[in-house]
Amino acid sequence: MRASRLFLLAALFSSPLLVACGGGENTASDDSSITDAKKHKCRSDSDCHTGQICKSGVCTTTAPPQCTSNAQCSNGQVCLAGGTCGACTSDSQCGAGLVCTAGQCGSSSGGGGGGGGPAVNPPPTSCDQRSAGVTAIQAVVTVTKYQGLQHGRNGTHEIVYGTISNTVWVYDQQIVDTKNVELAMNVKSSIDPTGLPQEIPLAPGQTFEVEGEYKPASSSNAGGFAILHYTHSPCGYVVLNGTKYQ
């Protein structure tokens, strides 16, 4: 009888089912919970795994930088702190021999007019002189007055008054008779869908690059201002703070 009791006790203590039900530690489960918590919850970057940062209390995988040098950016933009491409604000951000104008790094020679500016970028030759007495032009303009959108039978135009601070390129320099210009920039509408994709966010004091058609003040009847229009594709564009519109 005593031998039978001893055998029964030995069988009970050796049963794997009772050990599991008796509150034994499940270390594999605990390790998994710790890993999941470390992967998702955090107070600082040190709480996260390598290659992650703590953002809003959650560990998030960091995205690779957009750039590490200016050479990886386009349209005259520079590589800013944080690894993103953007508009320059000073000459020191540009490479040797380049200057920052209208948010773009460009040749210090300015192409055609001196004083610095974007690289020379002529339009297609069919745009050089679409009619007598006008000329294609690429210039840097400083805004003196912003008038806004004007709607008419020829579509919608954004009207801006400014001064040409740098003539980067011009097909016929002899036609240019003043630096004071009225920009009539066609904006896409139901009447004329070929214009710029949207109104350009311009304001007095801003400097931007524009390419289009120049009509001299002597024949424009615009109160002493030359007209600069046709600033959309295929003959023109506008660049403001590194963003190109055409």
Study note, to complete from the structure: Rounded to the nearest 0.5 Å, the OG1 atom of Thr167 sits from the CD atom of Gln173 at a distance of 6.0 Å
Review point. Could you state the interatomic distance from CD1 (Ile227) to CD (Glu182), rounded to the nearest 0.5 Å?
Key: 4.0 Å
Check your understanding: Do Phe208 and Leu228 share a hydrophobic cluster (ILVMFWY, side-chain heavy atoms under 4.5 Å, transitive)?
Key -> yes
Revision key, fill the gap. Closest heavy-atom pair, Glu158 versus Ile200, reported as atoms and distance to 0.1 Å, is OE2-O, 2.6 Å
Practice item. Applying side chain to side chain contact (heavy atoms under 4.5 Å, CB included), run through Val176 and Val170 and close with a yes or a no. Key: CA-CA 9 Å; Val176 179; Val170 61; 4.0 Å; yes
Practice item. For residues His232 and Thr194, determine if any side-chain heavy atom of one lies less than 4.5 Å from a side-chain heavy atom of the other. Key: yes
Review point. Within the distance-only criterion (no hydrogens, no angle test), does the side chain of Ser220 pair as donor or acceptor with the backbone N or O of Phe225 below 3.5 angstrom?
Key: yes
Review point. Looking only at atom types and distance, does a side-chain atom of Gln129 sit under 3.5 Å from a main-chain N or O of Val134, one as donor and one as acceptor?
Key: yes
Exercise for review: Without swapping roles, check the side chain of Gln77 against the backbone of Gln104 for a donor-acceptor pair under 3.5 Å.
Suggested key: no
**Study point:** Closest non-hydrogen atom pair, Arg43 against Asp47
**Key:** N-OD2, 2.8 Å
Exercise for review: Using atom types as modelled and distance alone, determine if a side-chain donor or acceptor of Asn241 lies under 3.5 Å from a backbone N or O of Ala87.
Suggested key: no
Revision key, fill the gap. When every non-hydrogen atom of Asn121 is compared with those of Lys244, the smallest separation belongs to ND2-NZ, 4.1 Å
**Study point:** Pairs flagged by disulfide (SG to SG under 2.5 Å) wherever residues 187-246 is involved - sequence neighbours left out
**Key:** Cys127-Cys235
Review point. Is the backbone of Ala217 close enough, under 3.5 Å, to the side chain of Asp177 for a donor and an acceptor to pair up by distance?
Key: yes
Revision key, fill the gap. Looking only at heavy atoms, the pair that brings Met185 and Val238 closest together is SD-CG2, 3.7 Å
Check your understanding: Given the rule in the disulfide bond (SG atoms under 2.5 Å apart) test, do Cys100 and Cys88 qualify, once you have shown the distances and angles that lead to the verdict?
Key -> CA-CA 6 Å; Cys100 179; Cys88 62; 2.1 Å; yes
Check your understanding: When clusters are formed by joining ILVMFWY residues with side-chain heavy atoms under 4.5 Å apart, either directly or through shared neighbours, do Val143 and Leu196 land in the same one?
Key -> yes
Review point. About how many Å separate CG of Leu149 and NE2 of His151, when rounded to the nearest 0.5 Å?
Key: 5.0 Å
Review point. How far apart are the C-alpha atoms of Cys79 and Cys73, what are their side-chain angles, what is the distance that settles it, and do they pass the disulfide bond (SG atoms under 2.5 Å apart) test?
Key: CA-CA 7 Å; Cys79 189; Cys73 301; 5.0 Å; no
Practice item. Starting from the C-alpha separation in whole Å, work towards a yes-or-no answer on disulfide bond (SG atoms under 2.5 Å apart) for Cys67 and Cys85. Key: CA-CA 7 Å; Cys67 62; Cys85 293; 3.8 Å; no
**Study point:** Stepwise side chain to side chain contact (heavy atoms under 4.5 Å, CB included) check, Ser56 with Val58
**Key:** CA-CA 6 Å; Ser56 301; Val58 178; 5.5 Å; no
Review point. Do Glu213 and His229 have side-chain N/O donor and acceptor atoms under 3.5 Å apart?
Key: yes
**Study point:** Close side-chain approach of Pro65 and Thr84, heavy atoms under 4.5 Å
**Key:** no
**Study point:** CD on Glu211 to OG1 on Thr231, rounded to 0.5 Å
**Key:** 10.0 Å
Point to revise | Within one Ile-Leu-Val-Met-Phe-Trp-Tyr cluster: Val210 and Leu202, side-chain cutoff 4.5 Å | key: yes
Study note, to complete from the structure: When every non-hydrogen atom of Thr178 is compared with those of Tyr214, the smallest separation belongs to O-OH, 2.8 Å
Point to revise | same_hphob_cluster(Val141, Ile175) at 4.5 Å side-chain heavy-atom cutoff | key: yes
Review point. Taking Cys59 and Cys48, which are both Cys, do their SG atoms fall under 2.5 Å of each other?
Key: yes
Check your understanding: Is the closest side-chain donor-acceptor distance between Gln138 and Glu209 under 3.5 Å?
Key -> yes
Point to revise | Interatomic spacing from CG in Asn180 to OG1 in Thr163 - rounded to 0.5 Å | key: 4.5 Å
Point to revise | hydrophobic_cluster_shared for Tyr146 and Ile164, side chain cutoff 4.5 Å | key: yes
Review point. Okay, side chain of Thr142, backbone of Thr207: is any donor-acceptor separation there less than 3.5 Å?
Key: no
Check your understanding: So Ile137 and Trp169, side chain to side chain contact (heavy atoms under 4.5 Å, CB included) or not? Walk me through it.
Key -> CA-CA 6 Å; Ile137 192 171; Trp169 175 89; 5.7 Å; no
Point to revise | Tyr245 ring center near Tyr237 ring center (under 6.0 Å) | key: no
Review point. After noting the C-alpha distance and the side-chain angles of Asn154 and Asp192, does the key distance pass the side-chain hydrogen bond (donor to acceptor under 3.5 Å, both in side chains) rule?
Key: CA-CA 7 Å; Asn154 293 324; Asp192 187 353; over 6 Å; no
Check your understanding: Within the side chain of Asn166, is there an N or O that forms a donor-acceptor pair under 3.5 Å with the backbone of Pro118?
Key -> no
Review point. Where the side chain of Thr144 meets the backbone of Tyr161, is there a donor-acceptor pair that is under 3.5 Å apart?
Key: yes
Point to revise | Residues, nucleotides or ligands: over 12 heavy atoms within 6.0 Å of Gln174 CD | key: no
Check your understanding: Can Gln93 and Leu80 be said to form a side chain to side chain contact (heavy atoms under 4.5 Å, CB included), step by step?
Key -> CA-CA 9 Å; Gln93 294 174 296; Leu80 303 173; 3.7 Å; yes
Practice item. Could you tell me whether the side chain of Val120 reaches within less than 4.5 Å of the side chain of Pro122, counting heavy atoms only? Key: yes
